[in-house]
Asker: 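Handing you this structure, nothing more for now.
Here the structure is a predicted model, which means the values were calculated and not measured. Residue numbering restarts at 1 for every chain, and letters A, B, ... go by the order of the sequence lines.
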Amino acid sequence: MASLPSIVVGNTIKLDRFKKHTPSSLSLENRNFNTKEFVKALDPFHLDFREALSLIQEGNTKVESSFYIPLLQECIEKNSVSDVQALHALVIKRGSYQDLFLMTFLVNVYAKCGTMESARKVFDNLPKRNVVTWTSLMSGYVHNSQPLLAITVFKEMMEVGGYPTNYTLGIVLNACSSLCDIELGKHIHGYIIKYGIEYDASIGNALCSFYSKCGSLDMALKAFCRTREKNVISWTAVISACGDNGHSAMGLDMFVEMLSEGVEPNEFTLTSVLSLCCIIQALGLGTQVHSLSIKLGYGTQIPVTNSIMYLYLKSGCISEAKKLFDGMNTISLVTWNAMIAGHAQMMDLGQDGLSTHFSGIEALKIFQRMKRSGMKPDLYTFSSVLTVCSNLVALEQGEQVHAQTIKTGFLSDVVVGTALVNMYNKCGSIGRASKAFIEMSTRTLISWTSMITAFAQHGLSQQALQLFEDMRFIGVRPNKITFVGVLSACSQAGMVDEALAYFNLMKNEYKINPVMDHFACLIDMFVRLGQIEQAFDFIKKMEFMPSEFIWSILIAGCRSHGKLELGFYAAEQLLDLKPKDTETYFLLLNMYLSASRWKDVSRVRKMMKDEKIGKLKDWSWISIRNKVFSFKPENRLNQEGEVAKLLEDLQEKARVLGYQLQANLEVVDEEEETTLLPAHHSEKLAVAFGLLNTSNGGQIWA
DNA sequence: CTAGGGTTAG
């Protein structure tokens, strides 16, 4: 402390001494000084926070109010409320509380430390306020997710005759976006026009993101176009607006336009653009943006690297992603989450069941590594991991994660809760799925939809429809996916009238245009009721080309109900859609064979020869105690004899129970001298193998 | 002193 008194001259801490050590631009009288540099300037005097504080506390010296600023700044960085309180007490004791500038900053500091009650108290005790004081309080409420209070403060300010600046209006617009208060937002837009500051960049940017968040891309684009001096932020805002409203490709076009206008992107722009590349799987462009990021010096920015890594994972470039991951200096929570979510996404990307399985296992391994590294999982982690567990049908792991969400308190999150419902449903436990649903404290449309679909999938149509009515009753608006669940519930139960009523409700009351899945439900229903003609009528009524799935439903119906002609037609249609599909060729061939239509048989055979259609590539796999066994029809097995015997036994039992094996399943192709195995035969092998190798009563999930 | 932009989820 020996060196400290030298800067205390008379009764005032002399700040002049600092100036000698600092650049000339750093004038302490200028209140726009860079606080960080100021704090650095304190270094030669070894004045760290504690020393400075005790210096003020010990003496009876009068302290220039600007002396507090860097100290308060440090409190924000350390997020230390108690230090703010100590300084606040000193400010009052030493009489600086009349300094409006300092007190406004104090409002800010309390707000940034998340203590709005204190910020409000400071504000309320002020004898005078200016726009900045009002604005600071409002900004505090917005950043502490109390947008409603921010708006109240704004109204108070307007009542006492305050005059908002562009900063103020920007903050209010922000509050409107998080409340989705379109009315007030438009009202504010009115002020903006009145004040003639519509063309101001800061206002234009705020308007752009306001309209974007309220779902009006048109208005967001207009706000952007009206902005006179567009800066990086304007471009970033409009690019994100495109992405947030489902126009990722347009966003990328805007990015190209931005570059041609000579505006240099920053790390925010780059991350935004990369996330758009991710959505539309534009790996090529993404790679270019990656090199651009490195060129501009943002190559090591964590958010930039995270989004590039996620893009690579989503595109299936595991080694590229891994390289980035291994090269990162700091691995943030988001990095881990992106890594896990990326592998979860790759499960959908997988070409076959096996690679899907491995992506899932890898995701769980990364989750373990993350926990070992000491990183605490959050709601993003848990929902991804639960999704992985559902895709893997890994009930045990799912249960463990469930326990962890309880312990960490993340179970109360809607998304985690919904993921849990899906996990239990996928693992075959509808009871626990509905228990998880009931225990949720809040539910989104997606939660309701998941539960409705789960009931429908388990054939519990009544429960599904009851839940749908409950959902409507409390005022949640269903979307098209909800209706897929509802229609499939009706379809399962063969409730034709209800199905048609809900179909009309969807179109007329909710103005939702039916998509392929809705028709598939209805067609499936008619087919299963044996009303093949009605099913075909519905297909003809659709405004779009029937999907492969729809034709296969119809084919199955035609086969079991002996509608051969329509069946042949449907199969030929399916072949049109999937010209090289082995399974479809065999299906059609089998159908003609069983109808003894030899002309068609040889025609299809010739087509198959021309298309070089070979053997069925159908194979299955099963995971037993974390080991994967794969089965191909032609494979030799260790337990071949046992498996064959078990299958025979099962077939015998099934026959006794009245199940008739479809005669046309096994067909011998004399020409090729290969046995055509029935579809999913390998699946039978896998299940039989599973039965032999799991303890009695163990369950096998398909 | 007050603003406007970003990564991970169902």
Asker: Starting from P on B:dG4, measure out to CZ on A:R228 and report it in whole angstrom.
Answerer: 22 Å

Asker: To the side chain of A:Y167, which of B:dG10, B:dC1, B:dA3 is closest?
Answerer: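 In terms of side-chain proximity for A:Y167, the closest of B:dG10, B:dC1, B:dA3 is B:dA3.
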
Asker: Who pairs with A:R129 by salt bridge (charged side-chain N to carboxylate O under 4.0 Å, His left out), at least two apart in sequence or on another chain?
Answerer: none

Asker: Rounded to whole Å, how long is the line connecting atom CE of A:M440 with atom P of B:dG10?
Answerer: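 Going from CE in A:M440 over to P in B:dG10 covers 14 Å.
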
Asker: For A:N391, give me all partners under side-chain contact (heavy atoms from CB on, under 4.5 Å), at least two apart in sequence or on another chain.
Answerer: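 If we apply the side-chain contact (heavy atoms from CB on, under 4.5 Å) test to A:N391, skipping adjacent residues, the hits are A:M347, A:D348, A:T387, A:K426.
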
Asker: Using a 4.0 Å cut-off on heavy atoms, which residues in residues 132-157 of chain A reach DNA chain B? List them by number, or say none.
Answerer: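 Under 4.0 Å from DNA chain B: A:V132, A:T135, A:S136, A:S139, A:H143.
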
Asker: Between A:F268 (CZ) and B:dA3 (P), how many Å, whole number?
Answerer: 14 Å

Asker: Kindly say whether, by distance alone, the side chain of A:T444 makes a donor-acceptor pair under 3.5 Å with the base of B:dG10?
Answerer: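 Indeed there is one.
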
Asker: Starting from the C-alpha separation in whole Å, work towards a yes-or-no answer on side chain to side chain donor-acceptor pair (under 3.5 Å) for A:S212 and A:S209.
Answerer: CA-CA 5 Å; A:S212 162; A:S209 56; over 6 Å; no

Asker: Whole-Å distance between B:dA9 P and A:M423 CE?
Answerer: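 After rounding, the gap between these two atoms is 19 Å.
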
Asker: Among B:dG4, B:dG10, B:dC1, which nucleotide sits nearest the side chain of A:A206?
Answerer: B:dG4

Asker: At 4.0 Å (heavy atoms only), tell me whether A:S202 reaches a base, stays on the sugar-phosphate, or touches nothing.
Answerer: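 Result for A:S202 = base.
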
Asker: For A:K230, answer base if it contacts any base atom (sugar-phosphate contacts may also be present), sugar-phosphate if it contacts only those atoms, and nothing otherwise; contact means non-hydrogen atoms under 4.0 Å.
Answerer: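 Here A:K230 touches no strand at all.
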
Asker: From the set B:dG10, B:dG4, B:dC1, return the single nucleotide nearest to any side-chain atom of A:I233.
Answerer: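 Out of B:dG10, B:dG4, B:dC1, the nucleotide with an atom closest to A:I233's side chain is B:dG4.
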
Asker: Nearest whole Å is fine: how far is B:dT7 P from A:I279 CD1?
Answerer: 9 Å

Asker: Please say whether the positively charged group of A:R226, taken as NZ for Lys or CZ for Arg, lies over the ring of A:Y199, i.e. under 6.0 angstrom from the six-membered ring centre and within 45 degrees of the axis.
Answerer: no

Asker: Give a yes/no on whether any side-chain N or O of A:Y310 is located under 4.0 angstrom from OP1 or OP2 of B:dA9.
Answerer: yes

Asker: B:dT2 P sits how many Å from A:L100 CG, rounded?
Answerer: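 In whole Å, B:dT2 P and A:L100 CG are 14 Å from each other.
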
Asker: Run the salt bridge (charged side-chain N to carboxylate O under 4.0 Å, His left out) test against A:K323 and tell me which residues pass, sequence neighbours left out.
Answerer: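 If we apply the salt bridge (charged side-chain N to carboxylate O under 4.0 Å, His left out) test to A:K323, skipping adjacent residues, the hits are A:E320.
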
Asker: Please list, chain by chain and in numerical order, all residues satisfying salt bridge (charged side-chain N to carboxylate O under 4.0 Å, His left out) with A:E264, sequence neighbours excluded.
Answerer: none

Asker: Just jot down the salt bridge (charged side-chain N to carboxylate O under 4.0 Å, His left out) partners of A:K480, sequence neighbours excluded, or say none.
Answerer: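 Partners of A:K480 by the salt bridge (charged side-chain N to carboxylate O under 4.0 Å, His left out) criterion come out as none, since no residue qualifies.
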
Asker: Could you state the atom-to-atom distance from NZ of A:K112 to P of B:dC1 in whole Å?
Answerer: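 So the NZ-P distance, A:K112 to B:dC1, works out to 10 Å.
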
Asker: Counting only side-chain heavy atoms from C-beta out, which of B:dT2, B:dG4, B:dT8 sits nearest to A:N205?
Answerer: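 Ranking B:dT2, B:dG4, B:dT8 by closest atom to the A:N205 side chain puts B:dG4 first.
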
Asker: Expressed as a whole number of angstroms, how long is the span from A:N306:CG to B:dA9:P?
Answerer: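 After rounding, the gap between these two atoms is 12 Å.
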
Asker: Have a look at A:N166 and say if it touches a base, only the backbone sugar-phosphate, or nothing, with a 4.0 Å heavy-atom cut-off.
Answerer: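 A:N166: no heavy atom of the nucleic acid under 4.0 Å.
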
Asker: How would you label the contact of A:I171 with the nucleic acid (heavy atoms, under 4.0 Å): base, sugar-phosphate, or nothing?
Answerer: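 Sugar-phosphate only.
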
Asker: What nucleic acid atoms does A:N174 come within less than 4.0 Å of, heavy atoms only: base, sugar-phosphate, or nothing?
Answerer: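 Sugar-phosphate, no base atom in range.
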
Asker: Can you tell me if the side-chain N/O atoms of A:Q345 get under 4.0 Å from OP1 or OP2 in B:dA9?
Answerer: yes

Asker: Applying the side-chain contact (heavy atoms from CB on, under 4.5 Å) criterion to A:L313, which one of A:K322, A:Q345, A:M339 satisfies it?
Answerer: A:M339

